[in-house]
S.K.: 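Let me begin by handing over the structure; questions about it come next.
Throughout, protein chains are lettered first and strands after them, A, B, ... in sequence-line order, and every chain is numbered starting at 1.
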2 protein chains.
Amino acid sequence: MTKQRELILQILTHSDRHLTADEVFFLAKLQMPSIAMATVYNNLNAMTDAGFINRVHVDGSADCFEKGSDPHDHLRCTSCGKLANVSLPWLKDRLRQAVGTDISGYDLTIHYICPECRKKI
Amino acid sequence: MTKQRELILQILTHSDRHLTADEVFFLAKLQMPSIAMATVYNNLNAMTDAGFINRVHVDGSADCFEKGSDPHDHLRCTSCGKLANVSLPWLKDRLRQAVGTDISGYDLTIHYICPECRKKI
DNA sequence: TCTAAAAGTTAGAATAAATCTAAATTTATT
DNA sequence: AATAAATTTAGATTTATTCTAACTTTTAGA
């Protein structure tokens, strides 16, 4: 656990939003100006592989990262792009059932209009 | 409907697999050596927007395209990467229900080992 | 403690997917 | 046929991410 990795993990832990690698890099650079983009990616990848954090694939833009709590899926606002979490504990079993064979997992993003954007319209 | 667009549509119609823009470009170039990558993207985007074909987002690699039949989701083999279709007509309603608010759609990829890869292990 | 190996970091180059630009060509319209 | 509109082309550009190779730290053993 290097200083860099600790910093990156802290940034993710203290963020209330999902952050892109670029955003993590920007925030990290404020506290450690010498940090390199490659280090951010190295650590995000390493921590993702180790299961400490989650990578969220976002169609058409950069992946986001979050400190992983319990497993959950994502809602993405089609208006502002913001991500929100949603817990669907029944889904994996239901999909396994529907598919017939065993499944190792799935990747789901639900498209909706978030409450804030809904108000504005 | 230009010659280029017609060619691209035919390639997708006659393919039994999901094709990346790159693969479409390669196949198109065989029959029309002057065709440009930008044309392939222009047309794939235009036909996707018009609903003639479907774009499938693939985590960590290029998007794929297919001649769109009825709505369906995708299985992706974690071993060979190949995509397969699966129809889950109940899912959207079930998700809407779970989320509470209206949803405009969703993007789902189920991870599994395809029958061919399963045999090999 | 000294030293060698291993692991991690850095800057910058490289790659891949997709888009943009501006000129040229094709197609459609009067 | 002349003009406008749309499309295509080649190549440059952008964005996200990975790679490379030199340099630092850290770790562990003699």
Side-chain angles (χ1 to χ4, degrees), chain A residues 1-12 15 17-66 74 76 80-83 107 109, chain B residues 1-12 15 17-50 52-66 74 76 81-83 107 109:
Chain A
M1 178 63 80
T2 62
K3 275 173 286 171
Q4 288 81 345
R5 175 166 306 187
E6 200 160 7
L7 174 56
I8 290 167
L9 189 56
Q10 239 186 42
I11 286 169
L12 286 178
S15 170
R17 306 189 303 102
H18 296 71
L19 299 174
T20 62
D22 228 44
E23 289 169 331
V24 173
F25 178 55
F26 175 81
L27 293 171
K29 228 168 157 55
L30 294 179
Q31 295 185 242
M32 189 187 283
S34 73
I35 201 169
M37 194 63 193
T39 303
V40 171
Y41 271 107
N42 279 348
N43 282 304
L44 290 175
N45 286 337
M47 290 192 285
T48 300
D49 292 346
F52 274 105
I53 62 174
N54 289 124
R55 158 186 272 116
V56 185
H57 297 282
V58 181
D59 299 342
S61 63
D63 286 1
C64 287
F65 297 86
E66 59 178 344
H74 293 96
R76 183 165 134 88
C80 70
K82 217 185 289 167
L83 292 174
D107 214 321
T109 305
Chain B
M1 178 64 81
T2 62
K3 274 173 286 171
Q4 288 81 344
R5 176 167 305 185
E6 199 160 6
L7 174 56
I8 290 167
L9 189 56
Q10 240 187 40
I11 287 168
L12 287 177
S15 170
R17 306 190 301 104
H18 297 71
L19 299 175
T20 62
D22 229 44
E23 290 169 328
V24 173
F25 178 55
F26 176 81
L27 293 171
K29 227 167 160 53
L30 294 179
Q31 296 186 241
M32 192 188 280
S34 74
I35 200 170
M37 194 63 196
T39 302
V40 171
Y41 272 108
N42 279 349
N43 282 304
L44 289 174
N45 286 337
M47 291 192 284
T48 299
D49 292 347
F52 275 105
I53 62 174
N54 290 126
R55 156 186 273 118
V56 185
H57 298 283
V58 181
D59 299 343
S61 62
D63 287 1
C64 288
F65 297 85
E66 59 178 341
H74 293 96
R76 183 163 132 89
K82 217 184 290 167
L83 292 174
D107 213 322
T109 305

S.K.: Note the angle between the end axes of the helix from C:dT1-D:dA30 to C:dT30-D:dA1, five pairs defining each, rounded to 10 degrees.
M.R.: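 Rounded to the nearest 10 degrees, the bend comes out at 10°.
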
S.K.: If you compare every side-chain N and O of B:Q4 against the phosphate oxygens of D:dT9 (OP1, OP2), does one of them come in below 4.0 Å?
M.R.: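 So the side-chain polar atoms of B:Q4 do come within 4.0 Å of the phosphate oxygens OP1 or OP2 of D:dT9, strictly under.
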
S.K.: What residues from residues 24-43 of chain A pass a heavy-atom cutoff of under 4.0 Å to DNA chain C?
M.R.: A:S34, A:I35, A:A36, A:A38, A:T39, A:N42, A:N43

S.K.: Without decimals, in angstroms, what is the distance between B:E23 CD and C:dA18 C1'?
M.R.: 16 Å

S.K.: What residue pairs, at least two apart or across chains, pass salt bridge (Lys or Arg N to Asp or Glu O under 4.0 Å) with a residue in residues 19-40 of chain A?
M.R.: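 For residues 19-40 of chain A: A:R17-A:E23.
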
S.K.: For the side-chain contact (heavy atoms from CB on, under 4.5 Å) test, which of B:L19, B:T48, B:N54, B:V56 pairs with B:F65?
M.R.: B:T48

S.K.: If you take any heavy atom closer than 4.0 Å to DNA chain C, which residues from residues 45-64 of chain A end up in contact?
M.R.: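 By residue number: none to list.
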
S.K.: Mind checking salt bridge (Lys or Arg N to Asp or Glu O under 4.0 Å) for B:R55 and listing every partner two or more places apart, or none if nothing turns up?
M.R.: B:D63

S.K.: Can you tell me if the side-chain N/O atoms of B:T2 get under 4.0 Å from OP1 or OP2 in C:dT27?
M.R.: no

S.K.: Whole angstroms only, please: what is the CD-P distance between B:E6 and C:dT26?
M.R.: 17 Å

S.K.: Please give, in whole Å, the distance from D:dT27 P to A:M1 CE?
M.R.: 12 Å

S.K.: Could you pull out all residues at least two apart from A:R76 that satisfy side chain to side chain contact (heavy atoms under 4.5 Å, CB included)?
M.R.: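 Applying side chain to side chain contact (heavy atoms under 4.5 Å, CB included) to A:R76 gives A:V58, A:L83, A:T109.
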
